[in-house]
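Encoded as structure tokens, the structure appears first; notes follow it.
One-based numbering along the sequence shown. As a basis for the values below, the full set of heavy atoms in this structure was taken, side chains included, without hydrogen atoms, waters or symmetry mates. The structure displayed is predicted, hence computed values, not measured ones.
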Amino acid sequence: MSGAKEPGSPGGGAAAGHDADGVPAIELVGATKRFRTPSGGVHTAVRDLDLTVRQGEFVAVVGPTGCGKSTTLTLVSGLEEPSEGEVRVQGVPVDGIGDEVGFVFQQDAVFPWRSVLSNVMAGPRFRGVPAAEAREKAREWLARVGLAAFEDRYPHQLSGGMRKRVALAQTFVNDPRILLMDEPFSALDVQTRALMSDQLLELWAGTGSSVVFVTHDLEEAIALADRVVVMTAGPATVKQVFDIDLPRPRTVEAVRLEPRFIEIYREIWASLGEEVRITRERGAGNAA
């Protein structure tokens with residue numbers, strides 16, 4: 001068994017751990033988020049959400065479409081405030097967007113009028129890093145993602161995979177302690193997606209960053225993560241947390257062929273599949 005845990009309980013991921021003072025990287029305690037609808041009603045996106053992410057841990061979050069996975073990320077990032085409960089990053093209640101948090105969105109957040117180098121420099125420059133130092137750091141990360149020869153190109157001159165590598169360089173150049181990723185590779189073809197997943201693992205290794213990775217792809221979640229969190233049908237809360245006891249370092253295509261990978265997939269899908277069916281039944285009922 002991969003070791004299903006109660007919601008929010010510690011797992012045993014390869015990168016898991018605490019700082020010396022034992023403070024988790026991320027804590028959501030009883031977090032609930034409600035939104036006003038255009039008709040004047042109230043929509044509850046997440047409800048009574050308890051989740052802990054440890055220092056240096058890679059956590060993947062899966063759940064039915066529209067259940068509130070992305071809302072969970074916005075609460076951690078400070079883009080949204082909880083209606084109830086508390087969200088803490090490095091032991092401190094979240095109050096706005098912090099410098100130590102990096103966010104990779106589904107859509108590339110690049111400036112189309114800026115070159116690749118200028119895009120990667122933008123974060124450090126915004127944080128007050130001198131231009132020469134920002135340029136040096138940007139070039140270092142462009143080299144690490146394999147785009148050193150494309151620093152003078154513009155986003156429209158790049159393939160989808162190359163733009164995604166720019167997005168990774170944009171994020172890692174700021175040395176984030178927390179990395180939030182909202183289906184970052186979903187628009188890529190299957191082969192490019194696997195390559196980008198491998199590159200993400202290479203870039204993350206040794207940084208000490210804690211990652212929360214939202215995806216609809218259960219195989220992707222298992223291949224990348226130390227723990228996989230299954231969310232309920234909306235309003236989302238944590239249903240189960242599964243340890244992923246696959247050794248690191250990993251390559252995505254190789255690990256998917258492991259018998260243990262298939263066992264873990266079946267175990268998690270037994271939990272996730274129930275929530276997917278609930279969501280489909282609700283949709284069918286509304287359509288009727």
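The two atoms that bring Thr171 and Pro176 nearest to each other are O-CD, 3.3 Å, heavy atoms only. Across Thr279 and Thr65, no two heavy atoms sit closer than the pair CG2-O, 4.0 Å. Minimum heavy-atom separation, Val230 to Leu272: CG1-CA, 3.9 Å. Pairing each heavy atom of Ala31 with each of Val87, the nearest pair is CB-CG2, 4.4 Å. In this structure, Leu117 and Ala138 approach most closely via the heavy-atom pair CD1-CB, 3.7 Å. The two residues Val53 and Arg227 have their closest heavy-atom pair at CA-NH2, 4.1 Å.
Ion pairing between a basic and an acidic side chain is recognised when a charged N comes within 4.0 Å of a carboxylate O; Glu84 and Lys33 show no such pairing. Between Arg248 and Asp226 there is a salt bridge, with a side-chain nitrogen of the basic residue lying less than 4.0 Å from a carboxylate oxygen of the acidic one. Classification of Arg266 and Glu263 as a salt-bridged pair fails, no side-chain N sitting under 4.0 Å from a carboxylate O. Look at Lys137 and Asp175 and you find a salt bridge, because one of the NZ, NE, NH1 or NH2 atoms lies within 4.0 Å of a carboxylate O, short of that distance. Ionic pairing of Arg277 and Glu275 is not present here: no N-O contact between side-chain nitrogen and carboxylate oxygen is shorter than 4.0 angstrom.
Between Asp50 atom CG and Glu86 atom CD the span is 11.5 Å, to the nearest 0.5 Å. Here CG of Leu28 is found 7.0 Å from OG1 of Thr72. Values are rounded to the nearest 0.5 Å. A distance of 4.5 Å separates CG of Leu224 from CZ of Phe58, quoted to the nearest 0.5 Å. Once rounded to the nearest 0.5 Å, the distance linking CE of Met162 with CG of Leu147 reads 5.5 Å. Summarising the geometry, atom OG belonging to Ser197 is positioned 8.0 Å from atom CG belonging to Asp217; distances are rounded to the nearest 0.5 Å. Separation of atoms CE (Met196) and CG (Leu188) is listed at 7.0 Å; rounding is to 0.5 Å.
Between Glu219 and Phe261, some side-chain heavy-atom pair lies under the 4.5 Å cut-off. Taking 4.5 Å as the limit, every side-chain heavy atom of Val145 sits out of range of all side-chain heavy atoms of Phe150. The side-chain heavy atoms of Met231 and Thr237, taken from C-beta on, include no pair separated by under 4.5 Å. Proximity of Pro184 to Phe213: side-chain heavy atoms (C-beta onward) are separated by under 4.5 Å at one or more points. Residues Arg260 and Leu246 are in side-chain contact: their nearest non-hydrogen atoms beyond the backbone lie under 4.5 Å apart. Contact of the Met181 side chain with the Leu168 side chain is registered, since non-hydrogen atoms from C-beta on lie closer than 4.5 Å. Looking only at side-chain heavy atoms (C-beta outward), Asp182 and Phe103 come within less than 4.5 Å of each other. With a 4.5 Å cut-off on side-chain heavy atoms, Pro124 and Val173 count as touching.
Heavy atoms from other residues, nucleotides or ligands lying under 6.0 Å from CD of Glu81 number 12 at most. No more than 12 heavy-atom neighbours from other residues, nucleotides or ligands sit within 6.0 angstrom of CD on Glu136.
In this structure a side-chain-to-backbone donor-acceptor pair under 3.5 Å is present from Arg36 to Gly40. Side chain of Arg47 to backbone of Thr32: no donor-acceptor contact under 3.5 angstrom is found. Lys69 places no side-chain N or O within 3.5 Å of a backbone atom of Val61 that could act as its donor or acceptor partner. When atom types are taken as modelled, the side chain of Asp189 and the backbone of Gln191 share a donor-acceptor pair closer than 3.5 angstrom. The backbone N or O of Val23 sits less than 3.5 Å from a side-chain atom of Gln55, completing a donor-acceptor pair. Arg256 places no side-chain N or O within donor-acceptor distance of the main-chain N or O of Ala223, the cut-off being under 3.5 Å. One N or O on the side chain of Trp204 and one on the backbone of Ser209 form a donor-acceptor pair closer than 3.5 Å.
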(request) Kindly indicate, with the supporting measurements, whether the criterion side chain to side chain donor-acceptor pair (under 3.5 Å) is fulfilled by Ser271 and Gln240. (result) CA-CA 8 Å; Ser271 178; Gln240 280 184 285; 2.8 Å; yes
(request) Could you give me the CA-CA distance, side-chain angles and deciding distance for Thr251 and Asp198, then say whether side chain to side chain donor-acceptor pair (under 3.5 Å) is met? (result) CA-CA 6 Å; Thr251 57; Asp198 286 340; 5.2 Å; no
(request) Before giving the answer on side chain to side chain contact (heavy atoms under 4.5 Å, CB included), spell out for Val29 and Arg88 the whole-Å C-alpha distance, their side-chain angles and the decisive distance to 0.1 Å. (result) CA-CA 8 Å; Val29 182; Arg88 295 190 287 265; 3.5 Å; yes
(request) Output, in order, the C-alpha distance, side-chain angles, deciding distance and verdict of salt bridge (charged side-chain N to carboxylate O under 4.0 Å, His left out) for Glu274 and Lys239. (result) CA-CA 11 Å; Glu274 292 176 353; Lys239 180 180 183 180; 2.6 Å; yes
(request) Carefully, step by step, assess Ile268 and Leu218 under the rule side chain to side chain contact (heavy atoms under 4.5 Å, CB included). (result) CA-CA 8 Å; Ile268 299 177; Leu218 181 53; 3.6 Å; yes
(message) Pair Thr71, Glu80 - check side chain to side chain contact (heavy atoms under 4.5 Å, CB included), show working.
(response) CA-CA 8 Å; Thr71 300; Glu80 297 281 357; 5.9 Å; no
(message) Checking Leu257 against Glu253 for the side chain to side chain contact (heavy atoms under 4.5 Å, CB included) test, could you report, in this order, the C-alpha distance in whole Å, the side-chain angles of both residues, the deciding distance, and whether it holds?
(response) CA-CA 7 Å; Leu257 300 176; Glu253 291 305 315; over 6 Å; no
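Under a hydrophobic-cluster definition in which Ile, Leu, Val, Met, Phe, Trp and Tyr are linked whenever side-chain heavy atoms come within less than 4.5 Å, directly or via other members, Val241 and Leu73 are assigned to the same cluster. Residues Trp269 and Val255 share a single hydrophobic cluster, defined by chaining ILVMFWY side chains whose heavy atoms lie under 4.5 Å apart. Hydrophobic clustering (side-chain heavy atoms under 4.5 Å, transitive across Ile, Leu, Val, Met, Phe, Trp, Tyr) keeps Tyr154 apart from Met121. The hydrophobic cluster containing Leu195 does not contain Ile222, counting ILVMFWY residues as joined when their side-chain heavy atoms lie under 4.5 angstrom apart, directly or transitively. Transitive grouping of hydrophobic side chains (ILVMFWY, heavy atoms separated by less than 4.5 Å) brings Ile26 and Ile97 into a common cluster.
Tested against Val212, the residues Val229, Leu180, Ile178 include a single side chain to side chain contact (heavy atoms under 4.5 Å, CB included) partner, Leu180. Only one option out of Leu142, Asp152, Val110 pairs with Val116 in a side chain to side chain contact (heavy atoms under 4.5 Å, CB included); it is Leu142.
Relative ring orientation between His43 and Phe35 is described as parallel, the plane-to-plane angle staying below 30° on a 0-90° scale split at 30° and 60°.
Side-chain N/O atoms of Ser210 and Glu57 include no donor and acceptor closer than 3.5 Å.
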